[in-house]
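A quick write-up on the structure given underneath.
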Amino acid sequence: MSLTAGEVIAAIKTGPAGPAIGAFFDLDGTLVQGYTANTIYQDRIRKGEVGALELARTIVAAVDGSVLGGNPQAIGEISFASLKGRTVDELADVGERLFVQKIAGTIRPEARDMVRAHLRRGHTVAVASSATRPQIEPVARDLGIRHVVCTELEEEGGILTGRSTTGMLWGGLKASAVRAFARAHGIDLTQSYGYANGQEDIAFLGSVGRPYALNPQPVLRRAAEEYGWPVVILREPRSPGPRAYLGTVGAVVGANIGFTAGAAYGLLTGDRRRGVNAGIELASDVGLTLAGVKLDVVGEANLWKARPAVFIANHQSSLDAPVLGALLRRDFTAVAKREARFDPRMLAVGVVLDPAWIDRSDATKARQTLDGVVQKLRDGLSVLILPEGTRMPTPRVGRFKKGAFHIALQAGVPIVPIVLRNTGELAWRRSVIINPGTVDVAVLDPIPTTDWTVADLDQRIAEVRQLFVDTLEDWPEKVPAR
């Protein structure tokens with residue numbers, strides 16, 4: 001029996017609720033595409049941390065014919081031994097770094113949706129994996145998962161001993177660990193959910209009443225057919241193909257031509273602002289069209305209800321800029337970090353749009369720049385600011401910096417939140433390549449700042465950030481046109 005992710009989520013919504021219901025997700029190949037251990041091992045090889053002897057022993061264990069697909073326990077023991085003498089904090093830092101650089105981009109979007117559905121039902125959600133805690137915790141935290149059932153490393157005084165306290169949670173050991181976790185947390189496994197992709201997880205899936213084989217390997221697929229378990233094929237994170245590469249080149253060239261044409265138009269007419277507006281519209285529309293990107297906007301009228309305004313948006317991708325340009329279209333400028341000024345893709349943007357470049361290393365200069373932004377708002381020009389300050393590795397909303405809110409307060413203009421749902425799926429944080437597709441946008445109601453004070457600014461910022469979180473959690477429906 002094959003199901004879609006949407007059908008699974010619908011069943012979760014109508015199924016039993018409460019913490020006595022467990023939802024156990026495997027990590028590698030299930031929540032994420034591929035294997036986090038490979039990412040870590042490749043990083044160690046690049047840094048010269050894998051010696052010839054360890055490499056040879058790992059290869060032998062990986063092809064050991066005594067166990068189909070290698071000898072996981074032997075591979076685990078070799079891996080544990082290689083960590084001897086390293087600190088727990090050091091390993092945690094490596095996990096966080098590789099999550100941002102590599103692993104975040106491999107999280108399956110529909111797996112995120114399924115986790116969210118379980119959390120909304122109040123289920124006890126856990127990652128159950130043979131991976132170690134430093135591999136799992138950044139992913140679990142990003143998905144909002146509090147519990148981890150995993151291979152634990154032994155440590156003494158914060159120093160790793162090169163051994164494991166649990167052994168590699170593979171096959172039957174993982175199933176036993178999940179059952180022990182369920183007993184300790186009062187979970188009814190007969191009513192609980194399990195998600196996995198590999199043959200080693202047949203025993204684990206057999207421990208729960210609602211097993212699902214996600215993107216299963218052949219042996220698990222055959223087992224699912226035999227036992228009547230649903231098979232669910234989740235879409236993978238987007239990988240760029242020839243269309244994406246050609247579209248990206250076309251988008252960059254087209255956008256720069258659009259900005260240049262707008263600047264020329266402004267010179268010919270003697271109206272610089274008119275030229276800037278023409279450049280923004282041309283660059284954004286041509287760039288997105290050539291990239292094959294369309295917009296599906298909820299609340300579009302809110303873009304025009306209150307201008308001038310401080311427009312703020314969450315930041316996931318290099319695609320955010322042309323999307324926001326296509327939305328705002330005219331009579332605005334932006335605040336951007338000074339480092340972006342030297343990005344060749346920003347050449348024409350910087351000349352035409354004339355953004356306020358913030359030098360975050362110099363507080364005095366930063367304040368002077370922001371004072372100039374306040375004056376632009378008072379002169380009738382709107383301002384776009386990305387309050388997270390940097391691209392986030394996943395759709396999870398980061399901490400908001402105060403600059404945008406101070407500016408709105410000083411200028412006495414409203415804040416208009418623009419929530420971008422999936423730009424990171426079409427162009428991941430660390431990628432400059434744009435995949436074709438549709439970007440979902442929600443423009444929320446303008447938020448007046450006339451009754452704000454400096455004393456309550458932290459609370460106001462938290463409230464606005466929560467609007468982004470809530471919108472991403474429960475996407476608004478489009479109101480039909482009358």
If you look at every heavy atom in [X] and [Y], which pair is closest and at what distance?
| X | Y | value |
| --- | --- | --- |
| Ala291 | Ile434 | CB-CG2, 4.1 Å |
| Ala213 | Pro216 | O-CD, 3.7 Å |
| Ala140 | Val148 | CB-CG2, 4.3 Å |
| Cys150 | Thr166 | O-OG1, 4.0 Å |
| Ala104 | Thr394 | CB-CG2, 3.6 Å |
| Glu388 | Arg396 | OE2-O, 4.2 Å |

Donor-acceptor pair, [X] side chain versus [Y] backbone, under 3.5 Å?
| X | Y | result |
| --- | --- | --- |
| Asp142 | Val139 | no |
| Glu155 | Gly158 | yes |
| Thr30 | Leu27 | no |
| Thr14 | Ala10 | yes |
| Gln316 | Leu420 | yes |
| Asn422 | Asp440 | yes |
| Ser431 | Ala427 | no |
| Arg86 | Leu91 | no |
| Arg235 | Arg108 | no |
| Thr190 | Gly209 | no |

Quick check: do [X] and [Y] have side-chain heavy atoms less than 4.5 Å from each other?
| X | Y | result |
| --- | --- | --- |
| Thr39 | Asp43 | no |
| Leu472 | Asn314 | yes |
| Phe80 | Thr151 | yes |
| Leu3 | Tyr212 | yes |
| Ile107 | Phe99 | yes |
| Val94 | Pro134 | no |
| Ile9 | Met114 | yes |
| Glu110 | Arg112 | no |

task = Please lay out, stage by stage, how Val432 and Val252 fare under the test side-chain contact (heavy atoms from CB on, under 4.5 Å).
result = CA-CA 10 Å; Val432 297; Val252 172; over 6 Å; no
task = Applying side-chain contact (heavy atoms from CB on, under 4.5 Å), run through Met168 and Leu173 and close with a yes or a no.
result = CA-CA 8 Å; Met168 190 90 157; Leu173 284 179; 5.7 Å; no
task = Give me the one residue out of Trp170, Tyr195, Phe24 that meets side chain to side chain contact (heavy atoms under 4.5 Å, CB included) with Phe204.
result =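 So, applying the side chain to side chain contact (heavy atoms under 4.5 Å, CB included) to Phe204 and each of Trp170, Tyr195, Phe24, only Phe24 qualifies.
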To the nearest 0.5 angstrom, please state how far the [atom1] atom of [X] sits from the [atom2] atom of [Y].
| X | Y | atom1 | atom2 | answer |
| --- | --- | --- | --- | --- |
| Leu319 | Arg391 | CG | CZ | 11.0 Å |
| Ile461 | Lys401 | CD1 | NZ | 11.5 Å |
| Leu160 | Thr87 | CG | OG1 | 7.0 Å |
| Ile312 | Leu324 | CD1 | CG | 11.5 Å |
| Trp229 | Arg221 | CH2 | CZ | 14.0 Å |
| Ile385 | Ile407 | CD1 | CD1 | 3.5 Å |

query = Would Thr438 and Asp296 count as having a side-chain donor-acceptor pair, cut-off 3.5 Å?
reply = no
message = Can you see whether Thr132 engages Gln135 through a side-chain donor-acceptor pair at a distance of less than 3.5 angstrom?
response =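 Per modelled atom types, Thr132 and Gln135 side chains form a pair under 3.5 Å.
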ask   = What salt bridge (charged side-chain N to carboxylate O under 4.0 Å, His left out) pairs are there with at least one residue in residues 126-136, not counting sequence neighbours?
value =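 For residues 126-136: Arg133-Glu137, Arg133-Glu152.
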query = Angle class for the Phe25/His118 ring planes (parallel below 30°, perpendicular above 60°, tilted otherwise)?
reply = perpendicular
ask   = Between Phe181 and His147, what is the ring plane arrangement, given parallel below 30°, perpendicular above 60°, and tilted in between?
value = perpendicular
query = Are Asp26 and Lys174 close enough, and set up right, to give a salt bridge (Lys or Arg N to Asp or Glu O under 4.0 Å), and what steps lead you there?
reply = CA-CA 10 Å; Asp26 177 45; Lys174 176 172 170 179; 3.0 Å; yes
inquiry  = Please determine whether side-chain contact (heavy atoms from CB on, under 4.5 Å) holds for the pair Glu463 and Arg460, giving the CA-CA distance in whole Å, both sets of side-chain angles, and the decisive distance to 0.1 Å.
reply    = CA-CA 5 Å; Glu463 291 170 352; Arg460 300 290 190 176; 3.9 Å; yes
Residue Arg97 excluded, over 12 heavy atoms near CZ under 6.0 Å =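 Atom CZ in Arg97 is crowded, with more than 12 foreign heavy atoms closer than 6.0 Å.
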query = Given Tyr227 and Leu205, is the side-chain contact (heavy atoms from CB on, under 4.5 Å) satisfied, shown in steps?
reply = CA-CA 10 Å; Tyr227 295 124; Leu205 291 177; over 6 Å; no
key: CA sep, side-chain torsions, deciding dist, call: Thr161, Glu154, side-chain hydrogen bond (donor to acceptor under 3.5 Å, both in side chains)   = CA-CA 6 Å; Thr161 66; Glu154 184 181 73; 2.6 Å; yes
Under the ring pair (Phe, Tyr, Trp, His ring centres under 6.0 Å) test, residues paired with Phe400 that sit two or more places apart =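 Phe468.
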